[in-house]
Every structure is written in structure tokens, then in C-alpha cells.
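Just below is one structure, and these are the notes that go with it.
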Amino acid sequence: MEKKFDLVIVMPIGPNCNLNYIDDTIDSIKYYFTSKYKLIILDDSHKGAGAEINRKHPDVEVLKTKKNLGVNAGLYLNLCYAYQQALEQYDFELLLKIDDDALITGKGPDQDALQFFKEMPQVGMAGLYQTGENFTNFLGNQVDNSWPRKQLMKDTCTWKLIRRPIANLTLRKLFFKAIRKGYEIGENIQGGAYFMSRACLNKLKEAQYLPVDNLKTVNLGEDHLLSLLTKLVGFKLGDLASGNLPLGTTWKGLPASPEVLHAKGKKIIHSTRSWQDMNEEQIRAYFNKYRKHEGARQDAIIR
Amino acid sequence: MAIGPNSKPDYILDTLNSFQYYTTSKHKVIIIDDSQKDLALEIKRSVPDIDILKTKKSSGSMAGLYINLANAYQYALENYHFDALLKIDDDALVIGENPEKEAIQLFKENPQIGIAGRHVQGLYPQDFAGNKWDNNYPRQTLLIGTSTWKFLKRPLVNYTLRKLYFKAFFNGYEIGEYVFGGSYFISENCLRRLKEAGFLPLLKLRNAILGEDHLFSLTAKVVGLELGDLASGNLPFGVAWKGLPASPEMLQQHNKKIIHSTRMWENMREDEIRSYFKSFRQKNKKGTPLI
């Protein structure tokens, strides 16, 4: 029988992962999430990192990938395997995909997302919604989104298609169909952290897009591919990042200083790798201190 | 204002009258007469202060209209200086004070905007009244005509279109986005840039199966300009492709100043719609109507 959860969390980890940082991200999830959830580690490290995590967190499920397929479309294939497993084993409302360089920094982002998807069942995937050549983030800064736009056009509509004919022809067919369903070229939900509804994942599975094996060599990220496929199966992409909405994510480094992220009420941030002169160690220490401080305050209140 | 063989002089005069009545700016009216029966001369008898540009042969709508309009815009650039050029169909109508005010302000504050009006984006965008627009046509036409085997059906025009589309795309153009052609404003800067780029007109586009509005919007993006919104909420455009987007009363409540198309609204015919708005002009008489 399927075990029932509000949320399934999938965290892929690769060969270069840092176990301390993964531990820190898992601790942040445990500290701030209030819903019933199941954490799945998709272990693509091929050096036993998953087993190591399992020793410390026995409640975590570890799925080992058969072989390391790298990032981009390779990650898409591996993630689809994890999403299929989640669908088969668990009954859940939402799935959160979170990178090991993302962090939970505020209380209840899971509840915010559950509420959001409840109110908008037409949304299949939500997070930092990126559209157009440039878009404006929650701080009013212009963010460049030209890469997936150019890649899609070049690989599906120019002679460059023949560089990877099978993958690009498959992509072209999906891309053209998606345009008819209202897909805007290059629009996507950034892959550092995003939520997907079970209904959307079921539709993707029915349409045999979990995964489309022919896409394994396309030059697009898993987030670009899953966003395109989400539109293709008739769902919308949702925004959980503008204004004071809970996601404070961007591709490289943090989108703002830790203080600003806190002040803006951001609850899931990505990437912890850097912020200006701060390195990952310092960023994580900042938020860890915050958790300890809050924890101590709560203990004092209880006592 | 472009007029064709099926245009009705009474309606053309009514539209000109509405513009003259409500606008406070110094302006010049140019009529592109594509009627092939000297309709514009008939109009000039009632409104002497207009320029008439007669076309040699009827070019139809779509890209033919694009060529005629581009020639007219070229004429306007050569003969006048202006803050904004208003393109208005003969089934559009001005129903509010200073319809040009917001456009001139928008172009001044945002010189990167070249064309403004009802900015249509996406597959089914909604207008101020909650109506869904089906924007499938330009999206599909562009994609199929420039990136599939159907390209070969009209190789010359589709090749030209493909080059433009890719250039525009890399400037941030979203497939199928445009400013609706029933009525829109273009800045002089935009027209100058289009002229410099050789797009006034680009004759190779004459067989394109896209509307003039799709083509002007695309070429505006090619020359690095943006499309502006003057239709959402209470902004002045209340336009739709066929018929009005809302009842005459609702258009007034939303402070709409330029509406399209006066052809119909539910059971109301064009005569009734026009007389409804004309009665307001007569009631609020402040200047001398043209006719």
C-alpha cells in the first residue's frame, strides 16, 4: 500500500557533493517543514554518499542511479526515475525538488506551496518563474534568461539540429506541440528548488514523458525540459518567488544577501555557494546560527 | 487612417469627427485611400485639412496594408515632426478626452517603447474586460512559415521573415506578440529607426500572410524597441478584433478613449453604437464638430 505524505522531497546529489552541506540542508528541512514529508536522496555520486547520509538520517530513502549521466538532460533522466519511484511508492500532494546547495531558511514553505497548489490546480510546476529574454526578480533586478531561448531555437529551428539529430528532432516535436499549448520560448521554473503537483507528474507519466529517453543528449537543463513538458501536458507554470513569496533562488550564488533574504521573508534559497565575498561555509554558518538561536528561544519559551 | 473599397464615408467622417472633437493636440490627418473610387476626395469636401495618399491599386489587407501604411508613415516622417503617430481604422472611434495624452507621456518616459496600444502576448491573453484573445494565428504562422517545410511555399518572403524573426527573437521578441492594429500609436523615433533599417516598407514582405500589426511589431523589435501597453485596466484603448470588447457603457466606465471595432456589440449594430457615442459629443459640445 502507498504510504501517505503531504510532500515528497527529492534531492539529487552528485560525485562532487559535500556531505556536511547535504547534512546542513537536511537539517534545515527538518527544522522548518511542518507537513508530513518523505525525503528521497537521488544518489548519483557513485561513491557511497547516499549510504553515508542514510546512516545519519535513517528516515531518508536513498535511490542509487545506475550510472552517472551528468547534469542537464542526464539529470532530467535520473530525476524522472526518482519521480516515477515517488509516484509508485507514495501518495502525496506535492513534490519538492531541491538541490544540495539550496537551504530552507524560514518556517513553513511547504505549507505555503500546499496552499498555493490547492488554490491553483491548473499550475503543475512552481518556483522561480523565468520568462522572456530578461525578467525582473523580487529585488527589481534584471535577470538574463537568454540561454534556454537561444538553445531551443538553435537546436530545433536551424541547421544545428543535425548535430544531435535524434535528440533535437525529438525536442523539436515536443517544442512545436508545446507552442500550440501556449508555451513561451525558453520559459522555465529554475531548477535549484521547485514544486510539482502529483496531478502534473501523473500526466507526465501517462504521456510517457517521465522520461523521454531520446532527450538524453539535448543541451538543455532538466528544469527547462520539465517546464516545457509541463506546459505540453496542459499545466501552467507558477510563480512562488516574486515579492515576498517564499523562494529566493537564482542560478549562481544567492540572489541577495542573507539579511535581505530574511527581510524579504524568503524561506527556500539557492544557491548557497556564494554571495559576493561570502563563501558557502559562511553562508551556511549564518543561517545555522539563526536556526540555533530560534531553537534556543523556543526552548526557553517552552521552559 | 487607411480606407478601403468597402469603407463607408459616413462612418469615416464620424470617426474623424470624434478624433477632432476630443483631441487637444496640434495634429495632421493623413488618409490612405485604397478604395480605388476616390472616397477620400469625398471626405476632403467635408474635412478640407487632410492629406490624401492614393494607392495605385488595391493592396488588400494583411501585408498589402503593411506596404501602404509603411509608405504613409514614410510620408509623415518626410513632411512632419510629431510626438506620436496614431494609426486608426475607420471602424475605430475616439470616445474620451485627450486620447493622445497617455501615449505621448509613455513615449517620453520610455523612449525604448516604439509602438503602444493593446499589447497582445501569449496564446490566450485576457483584456481589461476579462475577454480571452485567441492569439494562435501569428504564433503558428511565424513558426510554421519560418521553421518547417512550409517555408518552401513562399521561399522569398519566408526567408525574409525568418531572418527578421530570429533577429527580433534575440532582441527579446516573444513569438506572436504584437500591438493590435485596429488602433495604435507609434513614436517618431520608432518610425525613423524603421526607415533607417529599410523597413518602411520592406517590399519582400508583400506576400507575407501576417497582418500589418504583426509585421510592424516584429520590425520594431528588430530595431531594438519595445512594445507598450496602453489597454489594460483603465488605460485608454478599448479595442478588440471583431466588434467591441465591452458594452459602450462599460467602455466609458473604464475611461476608454479609443475603441475598436464599432461594427457591433452583441445586438447593437454599427449605426446604433456610433449614434450612442455621438449623442455624448453633442451633449458635451465644447468645440465645433467637423461635420
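In what follows, every chain begins at residue 1, and chains take the letters A, B, ... in the order their sequences are listed.
- To the nearest 0.5 Å, atoms CG (A:Leu254) and CZ (A:Arg273) are separated by 11.0 Å.
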Please step through salt bridge (Lys or Arg N to Asp or Glu O under 4.0 Å) for the pair B:Glu177 and B:Arg139, ending with a clear verdict.
-> CA-CA 8 Å; B:Glu177 72 167 320; B:Arg139 287 166 64 93; over 6 Å; no
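- The number of heavy atoms from other shown groups lying within 6.0 Å of CD1 (A:Ile166) does not exceed 12.
- At a 4.5 Å heavy-atom cutoff, the contact between A:Arg180 and chain B is made by backbone and side-chain atoms alike.
- Here B:Phe169 is the residue among B:Phe169, B:Tyr173, B:Phe166, B:Phe170 with the most heavy-atom pairs under 4.5 Å with chain A.
- Just one residue in the list B:Leu156, B:Thr160, B:Leu161 forms a side-chain contact (heavy atoms from CB on, under 4.5 Å) with B:Asn158, and that residue is B:Leu161.
- The candidate from B:Thr148, B:Ile144, B:Asn171, B:Asn135 with the greatest count of non-hydrogen atom pairs under 4.5 Å with chain A is B:Thr148.
- Counting heavy-atom pairs closer than 4.5 Å to chain B, the top residue among A:Thr158, A:Thr156, A:Asn134 is A:Thr158.
- Within the 4.5 Å cutoff, side-chain heavy atoms of A:Leu228 are placed close to those of A:Leu152.
- If you measure heavy-atom distances from B:Tyr165 to chain A, the contacts under 4.5 Å come from the side chain alone.
- Between chain B and the residues A:Glu133, A:Met153, A:Arg149, A:Glu184, the most heavy-atom pairs under 4.5 angstrom are made by A:Arg149.
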